[in-house]
Amino acid sequence: QVQLVESGGGLMKPGSSLRLSCAASGRTGIGIGMGWFRRVPGKEREFVAAISGTGLIYYGDSVKGRFTISRDNAKNTVYLQMNSLKPEDTAVYYCAASPGSGVRSPLSYGYWGQGTQVTVSS
């Protein structure tokens, strides 16, 4: 089992920056893949970013160039640095772990955090 706890959400102004953290515990290892998704009520979960155990990185088209995913294996923590925030980034952000073959699909992930709300509004 893997437990994931997200933190760092909040109410932000357009154009500002925010960093989310996801702390993993349990059966974690440096080889575990991690991802971030977001969800707006009434819509499907959207892929945001993922990082493999070997450091391969993937981004969703809507955040490419603005968001950066990184990991600190010593702390079992994955980060999502979000810059140039836009109102359309408003969502609940979820951390996920242990993807199968498709890192962009939420169906590939075996473990999920509880989510953290990010609201971008002037």
Side-chain angles (χ1 to χ4, degrees):
Q1 292 290 326
V2 176
Q3 294 79 42
L4 304 171
V5 178
E6 303 99 332
S7 60
L11 174 62
M12 308 300 295
K13 298 286 189 185
S16 63
S17 297
L18 186 67
R19 189 178 79 162
L20 304 182
S21 300
C22 174
S25 60
R27 295 185 63 181
T28 61
I30 61 173
I32 192 170
M34 304 287 289
W36 287 97
F37 289 78
R38 63 188 184 187
R39 189 169 201 170
V40 175
K43 293 189 176 182
E44 298 289 327
R45 275 173 293 185
E46 178 189 7
F47 171 73
V48 176
I51 184 166
S52 75
T54 58
L56 295 176
I57 290 176
Y58 310 83
Y59 292 105
D61 290 340
S62 61
V63 306
K64 200 174 296 182
R66 298 188 299 122
F67 291 10
T68 302
I69 190 172
S70 62
R71 67 191 299 162
D72 184 335
N73 289 328
K75 296 182 179 179
N76 282 337
T77 300
V78 172
Y79 304 98
L80 184 68
Q81 178 67 43
M82 305 187 293
N83 298 330
S84 302
L85 283 165
K86 303 175 181 180
E88 50 264 45
D89 293 320
T90 296
V92 177
Y93 283 72
Y94 296 91
C95 174
S98 190
S101 59
V103 298
R104 297 176 184 273
S105 171
L107 299 177
S108 295
Y109 290 79
Y111 303 96
W112 291 85
Q114 82 288 350
T116 185
Q117 176 72 46
V118 174
T119 303
V120 184
S121 175
S122 55

**Student:** With the threshold set at 4.0 Å, does a side-chain nitrogen-carboxylate oxygen contact exist between K64 and D61?
**Tutor:**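 D61 and K64: salt-bridged.
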**Student:** Taking atom types as modelled, is there a side-chain donor on T54 or S52 under 3.5 Å from an acceptor on the other?
**Tutor:**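 T54 vs S52: donor-acceptor pair found between side chains.
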**Student:** I'd like to know whether CD of E44 has more than 12 heavy-atom contacts from other residues, nucleotides or ligands below 6.0 angstrom.
**Tutor:**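 No.
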**Student:** Please list all pairs passing the disulfide (SG to SG under 2.5 Å) test where one or both residues lie in residues 93-122, with sequence neighbours left out.
**Tutor:**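 Passing the test, one end in residues 93-122: C22-C95.
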**Student:** Indicate yes or no for a side-chain donor-acceptor contact from E6 to the backbone of Q114 under 3.5 Å, with no hydrogens or angles considered.
**Tutor:**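 Yes.
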**Student:** If I compare all heavy atoms of S121 with all of L11, which pair ends up nearest, and what's the gap?
**Tutor:**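 Scanning both residues, the minimum pair turns out to be CB-CD1, 4.4 Å.
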**Student:** Closest heavy-atom contact between S62 and R66?
**Tutor:**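 Scanning both residues, the minimum pair turns out to be O-NH2, 2.9 Å.
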**Student:** Using the rule that two of Ile, Leu, Val, Met, Phe, Trp, Tyr join whenever any of their side-chain heavy atoms come within less than 4.5 Å, decide whether I51 and Y79 are in one cluster.
**Tutor:**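 Cluster IDs for I51 and Y79 differ.
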**Student:** For V2 and A97, which heavy atoms make the closest approach, and how far apart are they?
**Tutor:**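 Heavy-atom minimum between the residues: CG1-CB, 4.4 Å.
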**Student:** Looking only at heavy atoms, which two atoms of A91 and R38 are closest? And how far apart?
**Tutor:**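 Nearest pair, atom of A91 first, then R38: CB-CB, 3.7 Å.
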**Student:** Pairs in or reaching into residues 32-68: which pass ring-ring contact (aromatic ring centres under 6.0 Å, His included), with residues at least two apart or in two chains?
**Tutor:**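 The answer is F37-F47, F37-Y109, F37-W112.
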**Student:** Before you tell me yes or no, could you show the steps for M12 and D89 under side-chain contact (heavy atoms from CB on, under 4.5 Å), namely the whole-Å CA-CA distance, both residues' side-chain angles and the distance that decides it to 0.1 Å?
**Tutor:** CA-CA 10 Å; M12 308 300 295; D89 293 320; over 6 Å; no
**Student:** The test is side-chain contact (heavy atoms from CB on, under 4.5 Å); show your working for E46 and V63 and say whether it passes.
**Tutor:** CA-CA 11 Å; E46 178 189 7; V63 306; 5.6 Å; no
**Student:** Does one hydrophobic cluster hold both L80 and V103, with members joined at side-chain heavy-atom distances below 4.5 Å?
**Tutor:**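 No, no single cluster joins them.
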**Student:** T90 and V40: which non-hydrogen atoms are nearest, and at how many Å?
**Tutor:**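 Here T90 and V40 meet closest at O-CG2, 3.4 Å.
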**Student:** In the single-linkage hydrophobic clustering (I, L, V, M, F, W, Y; side-chain heavy atoms under 4.5 Å), do I32 and V48 co-cluster?
**Tutor:**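 Yes, I32 and V48 fall within the same hydrophobic cluster.
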**Student:** Linking I/L/V/M/F/W/Y whenever their side-chain heavy atoms sit closer than 4.5 Å, directly or via other members, would Y94 and M34 fall into one cluster?
**Tutor:**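 No, separate clusters.
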**Student:** State, to 0.1 Å, how close Q81 and S17 come at their nearest heavy-atom pair, and which atoms those are.
**Tutor:**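 Here Q81 and S17 meet closest at NE2-CB, 3.8 Å.
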